[in-house]
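Numbering of ligands and ligand atoms starts at 1, following listing order. Numbers for residues simply follow the sequence, beginning at 1. Worth knowing before you read on, the calculation uses all heavy atoms, side chains too, and leaves out hydrogens, waters and symmetry mates. Quick caveat: nothing in here was measured; it's all calculated off a predicted structure.
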Amino acid sequence: MKRPVRIAITGAAGSISHSLLFKIATGEMIGRDQPVILQLIEIPQAMEALRGIAMELEDCAFPLLHSISLHDDFEEGVLGAHYVLLIGAKPRGPNMERNELIATNAPIFARQGQAINKFANRDVKVLVVGNPANTNALIASRNSPDLSPAQFTALTRLDHNRTLGILANHTGANPKDIRRVAVWGNHSSTQFSDLHHATIYGSPVLQQVDENWYRETFIGKIQSRGAAIIAARGHSSAASAAQAIIHHMHDWINGTPESDWTSMGIVSDGSYGIAKGIFYSFPVRCDYGRYQIVQGLEIQDFAREKMTISQNELLSEMETVAELLPRETEKSHQNLSVCLRSGTTLYDDGISLPDKHYLQTDRVR
Ligand code: NAD
Ligand code: LMR
């Protein structure tokens, strides 16, 4: 049996988490042979609801669910975490753009970035889901000067999956037979869903669909899908977001299939002429826990224009949050061991969390 890994999740009593936690506990995210410790984080007002969710998780008797701890303190909840899923944030309502959430949500990610820097496992992988996800990932990463920006990612897999699902429905193909779609840019209404390199059963997609439909209808439909769901449901996407989180983390950890790639919001290294430093969605291949931007794709003028619009939106979001982006990289030399607290040792990785946070049952203690 493998040693358990620690997964810290914010917004754990929210809508996305309600679908997500049960999938993680079955092994869908990391692997069906990997025990997990869930470190669930919420705001104080939601702790009672969170306790109820923890009871339900326990009642599922998942073999891989090693233990659960509940936290209303982020610093404590992220202690020793190998994976951090930053979901907790306000969702947008009808007729709002995601970047209108900046004023409310951005400061959360600065504080969380600082805490991840100090308390998470040094090899931590972080996924930012709370909107505006790309800019929040930038903020979290810049506030974690001791970690590599490559350890931080933003969720654009939902846009990638929407591209596959809607294209499959339009063409009658099975989504599994569609390869090499790409989502470029911001998780916003400027994102660009690129079918120029995509294939169905090995043949180019753009030879199988009307290019006018692609340009005039399809791209806009993916860009506004989140808003369409909010208009129809009254709440933003939750189950599909949870599925996308599972896919994103699964591929990052376990790799993408050889003949395909995926899309992830990651720090730009200047590839494809995209401004360095912003968190931008690129097509990536993952292998052995790392990702690499797919290089060498031919970018035509139509695509370039759309990619640039989304880049410019991200640059402008970066300006808006400038005061949350420390310029100096001050190395923190604090040893993780000084952060450890006394309490019940969960298992012998040297991490202890205060006793009161474990669910009070025999199984999890
Ligand atoms: P929700 O309102 O149902 O749940 C959010 C939860 O986060 C709440 O329980 C709240 O108490 C908690 N929370 C708020 N601030 C917190 C903090 N500082 N620490 C810990 N917990 C905190 O919202 P949801 O539907 O789960 O969506 C969460 C976020 O994810 C929203 O910002 C939404 O816009 C975003 N989202 C992103 C994508 C994407 O593809 N990137 C997809 C769907 C939703
Ligand atoms: C989505 O894409 O569904 C989420 O980002 C929620 C939203 O605000 O659209």
Side-chain angles (χ1 to χ4, degrees), residues 8-21 39-53 70-78 84-116 127-137 139-140 153-163 165-166 183 185-191 193 221-249 263-265 279 281:
I9 303 169
T10 67
S15 311
I16 295 175
S17 292
H18 201 256
S19 293
L20 178 70
L21 299 178
Q39 300 181 180
L40 305 180
I41 307 166
E42 260 296 348
I43 54 174
Q45 306 87 289
M47 289 307 284
E48 193 52 20
L50 187 58
R51 225 168 56 79
I53 291 166
L70 311 182
H71 309 268
D72 61 7
D73 175 341
F74 183 81
E75 294 193 350
E76 192 177 87
V78 84
V84 177
L85 309 179
L86 298 178
I87 302 170
K90 193 176 165 188
R92 66 174 165 157
N95 304 316
M96 280 174 78
E97 286 295 328
R98 296 183 187 96
N99 60 17
E100 289 174 54
L101 295 167
I102 284 185
T104 315
N105 288 343
I108 298 176
F109 293 85
R111 289 192 299 273
Q112 292 180 344
Q114 289 156 15
I116 290 168
L127 170 61
V128 176
V129 177
N131 277 318
N134 298 52
T135 293
N136 290 337
I139 295 168
T153 60
L155 187 71
T156 56
R157 182 62 177 258
L158 180 53
D159 310 298
H160 184 99
N161 285 352
R162 285 169 174 162
T163 302
I166 293 172
V183 172
N186 198 0
H187 175 63
S188 77
S189 52
T190 66
Q191 66 181 265
S193 189
K221 192 167 184 170
I222 307 295
Q223 287 172 332
S224 60
R225 188 65 155 189
I229 289 168
I230 292 169
R233 219 171 82 83
H235 300 284
S236 61
S237 62
S240 57
Q243 187 59 51
I245 293 168
I246 294 287
H247 284 155
H248 175 111
M249 294 304 296
S263 305
M264 286 167 65
F279 273 69
S281 181

If you scan protein heavy atoms around atom 19 (N) of ligand 1, the nearest is Q112 NE2, 3.9 Å
So, do I87 and S17 sit near enough that their side-chain heavy atoms are less than 4.5 Å apart? yes
Give me the residue, atom name and distance of the protein heavy atom closest to atom 33 (C) of ligand 1. N131 ND2, 3.7 Å
Ligand 1 versus V129, non-hydrogen atoms closer than 4.0 Å: side chain, backbone, both, neither? both
Sub-4.0 Å atoms of ligand 1 with respect to non-hydrogen atoms of A241: 42 (C), 43 (C)
Tell me which donor-acceptor pairs under 3.5 Å the side chains of residues 221-233 have, and how far apart each pair is, sequence neighbours excluded?
from: Q223; atom 1: NE2; to: S189; atom 2: O; distance (Å): 3.4
from: Q223; atom 1: NE2; to: Q191; atom 2: O; distance (Å): 2.7
from: S224; atom 1: OG; to: G220; atom 2: O; distance (Å): 2.8
from: R233; atom 1: NE; to: H235; atom 2: O; distance (Å): 3.3
from: R233; atom 1: NH2; to: S236; atom 2: O; distance (Å): 2.9

Regarding atom 20 (C) of ligand 1: of the candidates S237, S19, G11, which has the closest heavy atom? G11
Quick one: does I245's side chain get under 4.5 Å of L155's, heavy atoms only? yes
Would you say N136's side chain and G130's backbone share a donor-acceptor pair under 3.5 angstrom? yes
shortest atom 10 (C) of ligand 1-to-protein heavy-atom contact is with E42 OE1, 3.5 Å
Tell me whether H187 has any N or O atom under 3.5 angstrom from an N or O of ligand 1. yes
By number and element, which atoms of ligand 1 are closer than 4.0 Å to a non-hydrogen atom of I87? 28 (C), 29 (C), 30 (O)
At less than 4.0 angstrom from any non-hydrogen atom of K90, what atoms of ligand 1 do you find? 31 (C), 32 (O)
For ligand 1, which atoms sit closer than 4.0 Å to a heavy atom of A13? 9 (O)
Do V84 and Q112 come close enough that some side-chain heavy atom pair is under 4.5 Å? no
Nearest protein heavy atom with distance in Å, relative to atom 13 (N) of ligand 1: G88 CA, 3.8 Å
Carefully, step by step, assess T10 and I108 under the rule side-chain contact (heavy atoms from CB on, under 4.5 Å). CA-CA 11 Å; T10 67; I108 298 176; over 6 Å; no
Verdict with supporting geometry, N99 and T135, side-chain contact (heavy atoms from CB on, under 4.5 Å): CA-CA 9 Å; N99 60 17; T135 293; over 6 Å; no
What residues form a salt bridge (Lys or Arg N to Asp or Glu O under 4.0 Å) with R98, not counting sequence neighbours? none
Heavy-atom proximity to atom 31 (C) of ligand 1, picking from S15, G265, P91, points to P91
Partner set under ring-ring contact (aromatic ring centres under 6.0 Å, His included) for H187, not counting sequence neighbours: none
Taking 4.0 angstrom as the limit and counting only heavy atoms of A89, give me the atoms of ligand 1 inside it, by number and element. 5 (C), 7 (O), 14 (C), 28 (C), 29 (C), 31 (C), 32 (O)
As a check for students: among I230, D73, I43, identify the option with a heavy atom nearest to atom 16 (C) of ligand 1. I43
Nearest heavy atom to atom 18 (N) of ligand 1 wins, so pick from I108, L101, I245. I108
Donor-acceptor pair, side chain of S281 and main chain of V183, under 3.5 angstrom: yes
Test side-chain contact (heavy atoms from CB on, under 4.5 Å) on V78 and Q39 and set out the steps. CA-CA 7 Å; V78 84; Q39 300 181 180; 5.9 Å; no
Closest non-hydrogen atoms of P132 and I102, given as atom of the first, atom of the second and distance, are CG-CG1, 3.4 Å
Of all the atoms in ligand 1, which lie at a distance below 4.0 Å from a heavy atom belonging to G14? 3 (O), 4 (O), 6 (C), 9 (O)
Go through F74 and L86 one step at a time and tell me if the side-chain contact (heavy atoms from CB on, under 4.5 Å) criterion holds. CA-CA 11 Å; F74 183 81; L86 298 178; 3.7 Å; yes
Atom 26 (O) of ligand 1: closest protein heavy atom, distance to 0.1 Å, is I16 N, 3.1 Å
Under 4.0 Å from one or more heavy atoms of L158, ligand 1 contributes atoms 40 (O), 42 (C)
Distances for all N or O pairs of ligand 2 and the protein under 3.5 Å?
from: ligand 2; atom 1: 2 (O); to: R98; atom 2: NH2; distance (Å): 2.8
from: ligand 2; atom 1: 2 (O); to: R162; atom 2: NH1; distance (Å): 2.9
from: ligand 2; atom 1: 2 (O); to: R162; atom 2: NH2; distance (Å): 3.4
from: ligand 2; atom 1: 2 (O); to: H187; atom 2: NE2; distance (Å): 3.2
from: ligand 2; atom 1: 3 (O); to: R162; atom 2: NH2; distance (Å): 2.7
from: ligand 2; atom 1: 3 (O); to: S237; atom 2: OG; distance (Å): 2.7
from: ligand 2; atom 1: 5 (O); to: R98; atom 2: NE; distance (Å): 2.9
from: ligand 2; atom 1: 5 (O); to: N131; atom 2: ND2; distance (Å): 2.9
from: ligand 2; atom 1: 5 (O); to: H187; atom 2: NE2; distance (Å): 2.6
from: ligand 2; atom 1: 8 (O); to: R92; atom 2: NE; distance (Å): 2.5
from: ligand 2; atom 1: 9 (O); to: R92; atom 2: NE; distance (Å): 3.2
from: ligand 2; atom 1: 9 (O); to: R92; atom 2: NH2; distance (Å): 2.7
from: ligand 2; atom 1: 9 (O); to: R98; atom 2: NE; distance (Å): 3.2
from: ligand 2; atom 1: 9 (O); to: R98; atom 2: NH2; distance (Å): 3.0

